[in-house]
There are 2 protein chains.
Amino acid sequence: MSDVAARAGVSHQTVSRVLNGHPHVSATTRTRVLAAIAELGYRRNLSARVLATGRSNVVGVVAQNTTLYGPSSMVQAIGEAALSADLSLTVGHVAGYDATAASRRIVERLVQQGAAGLVFIAPVDAAGEAMRLVPDGVPIVTVDGLPEWQCANVSVDQYTGGLLATRHLLAAGHRTVWHVAGPEQWHGSRAREDGWRAALAEAGAIAPPMARAGWSAASGYQCGRMLARIPDCTAIFAANDHVALGIMRALAEQGRRIPDDVSIIGFDDVPEAGYFHPALTTIRQEFADIGRQALRLLLDQLATGVKSAESALVEPVLISRDTVKTPERIPA
Amino acid sequence: MSDVAARAGVSHQTVSRVLNGHPHVSATTRTRVLAAIAELGYRRNLSARVLATGRSNVVGVVAQNTTLYGPSSMVQAIGEAALSADLSLTVGHVAGYDATAASRRIVERLVQQGAAGLVFIAPVDAAGEAMRLVPDGVPIVTVDGLPEWQCANVSVDQYTGGLLATRHLLAAGHRTVWHVAGPEQWHGSRAREDGWRAALAEAGAIAPPMARAGWSAASGYQCGRMLARIPDCTAIFAANDHVALGIMRALAEQGRRIPDDVSIIGFDDVPEAGYFHPALTTIRQEFADIGRQALRLLLDQLATGVKSAESALVEPVLISRDTVKTPERIPA
DNA sequence: GGCCGGATTGTGAACGCAAACATGCTTGCC
DNA sequence: GGCAAGCATGTTTGCGTTCACAATCCGGCC
């Protein structure tokens, strides 16, 4: 920086002012400085800046398994939102939240690097523990966190999603709906299950036993092989689209036709869901919304300096395709 | 840090030594310092450290579309490899490499933050331009980059992948193989196409006209609707698994049975590919390998301080399932 | 004509850390 | 017994930036 200053014939402070867009710099000086910067190929040292100011406009994201469609979409959404808010993003990948040592390292890193705030993609219980490693001064927003964490949070309304899915199947004429849930450590799984139960209850339907899968097609297939042998099972609400795919395969192997014999509905609306065989009816989550909301909550905290626990809900929407019998529209 | 020093009754330098694991610190002093650190909840300021040392063990990753399975798996793989090499990772998400302003911002950020090295997930031509924004001193490794960039690179051997896929279909008795390629900006698309052509040539088969899709099931479906109407088309090599899914759907709608009427093979082996209907034969890429190799190349450069152009190839493997007729094993 | 205020620039210090050098102390060896 | 060699620790300096303050210059006003 002093090189630039010397070259432009000004003091280092003036260079700093130009760099930061301070008002009281004459036009001629500014152009001289900018020219010197260009000639020398100078780029300022962000570490020194952070050190001197004590703040940064870097947002840290802690994410667990970014190969899954949900988490990766969220990270992408947050990234895009951050870009338009002129914040930059650094993503820390945690192998699994249970591996506390690893997540501690990631969080420490992010904090030590001077992240202004953190977004936790925290869809599992263990994430609560990792969150506690964050020092008090740093604002946090969780995505898919729990209310009892007392933290600003944005979630998809998974409960309503479960409700929508189950009602849709009931409206198609099924007497009850079977549910293959996701891993119980995930908050979303539990909320969808609650929605499912609530929809059954309001229709006076009896809740059949619940199966539990991971998020993979493979685990869906395992569950599906059991369900396919149960003649009463004619309507299935699957944990997500890939689980639904696995179930569909198991049903097909058992000779049960979709949707004639069995109706099935997924969750997520992955891009390829409409091309499954048959095309999967599912519940879509609006990930772009999540990104925007999460960043808005974070910026609020940064601006006010107050740690809020405000939360936002993103509404899922039903995407009706071909895996549910008699696609009568459910009343809005 | 001086607080800790005062508390432990030593100088700040001794605290620094403990923190960095320097040899000449007595055991008693060390424990006293560590106790003081714990009591005060002290965490060192990484910016100051980077400023003072001039180096950091942070590697930056520049990635484009991390919602796609390929890129997201690579980032994950690199992340895991970095964790075990005790490096930390910050991922910069570029919306698209063409948006030069955006990618310039990301790269600048990463460099200014003091990244010791950069990994470019650079599967498209436009990435070459973004790479040129990186100052000379910073080592780079590309993933799926081009040889003419003169840069250390690790790629999946897409050419061999195309070769394997096409040979497999020919070995199943098909007279020729049709190819639905990915976007032409992607290097992988072109390499797979080359492999396809080479395999056809070595078998004396005539190359039919080539269709071009994106990476999505939707675009595969569009291509599939045309291919399904061509009676001669009995074997298809698809750009990736999702494209294959779209094609399969179009074929099914047209009443063409898989694999009886048409054989099809995908690329990637996404986790759910085995649960498509029917289960998809495909070419798997070993992403974990990519992560390890990329990091090894980067560490080499960091250690030697020399910008190398060494490159590594990761071999794909054929995963045989149910979408190719007469699953005779091809000779190894 | 002198004084005030705003615009523009410069000066010194501080941010938190590690590196280089300096110091006192212990050990081992002839 | 004395000297060299190492160990354990302290002191000083500088990394590149911003901040608080000071300084200069200019025009306008009483």
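Throughout, a chain's letter reflects where its sequence line sits, starting with A, and its residues are numbered from 1. Side chains are part of it too, since the values below use all heavy atoms of this structure and drop only hydrogens, waters and symmetry mates. Quantities reported herein were computed from a predicted structural model and do not represent experimental measurements.
A salt bridge is absent between Asp300(B) and Lys307(B): the closest approach of a Lys/Arg side-chain nitrogen to an acidic carboxylate oxygen does not fall below 4.0 angstrom.
In this structure, Ser47(B) does not reach the dG16(C) phosphate: none of its side-chain N or O atoms is under 4.0 Å from OP1 or OP2. Distances shown here put a side-chain N or O of Thr14(A) below 4.0 Å from the OP1 or OP2 atom of dG10(C).
With sequence neighbours left out, Asp289(B) forms a side chain to side chain donor-acceptor pair (under 3.5 Å) with Arg292(B).
Using a 4.0 Å heavy-atom cutoff across all strands shown, Val10(B) reaches sugar-phosphate atoms only and no base atom. Within 4.0 Å of Ser11(B), counting heavy atoms only, lies at least one base atom of the nucleic acid. No contact: Val50(A) has no heavy atom under 4.0 Å from any strand.
A donor-acceptor pair is defined here as one N or O able to donate and one able to accept, closer than 3.5 Å; no such pair exists between the side chain of Thr142(A) and the backbone of Asp144(A).
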message: Does Glu184(B) form a side-chain hydrogen bond (donor to acceptor under 3.5 Å, both in side chains) with Ser189(B)? I'd like the steps, not just the answer.
response: CA-CA 6 Å; Glu184(B) 59 185 332; Ser189(B) 304; over 6 Å; no
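Contact detail for Asn45(A) and Ser47(A): the closest heavy-atom pair is OD1-N, 2.8 Å.
Residues Arg296(A) and Gln293(A) bring a donor and an acceptor atom of their side chains to less than 3.5 Å of each other.
Note that the CG atom of Asn57(B) and the CG atom of Leu87(B) stand 6.0 Å from one another [nearest 0.5 Å]. Once rounded to the nearest 0.5 Å, the distance linking NE2 of His22(A) with CG of Asn20(A) reads 5.0 Å.
Whole-Å rounding puts the Gln113(A) CD to dG16(C) C1' distance at 16 Å.
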Show me the protein contacts with nucleotides 5-7 of chain D, counting only N or O atoms at under 3.5 Å.
none

message: I'd like to compare against my own output: the B/S/- annotation of nucleotides 14-28 of chain D with a strict under-4.0 Å heavy-atom distance to protein.
response: BBBBBB---------
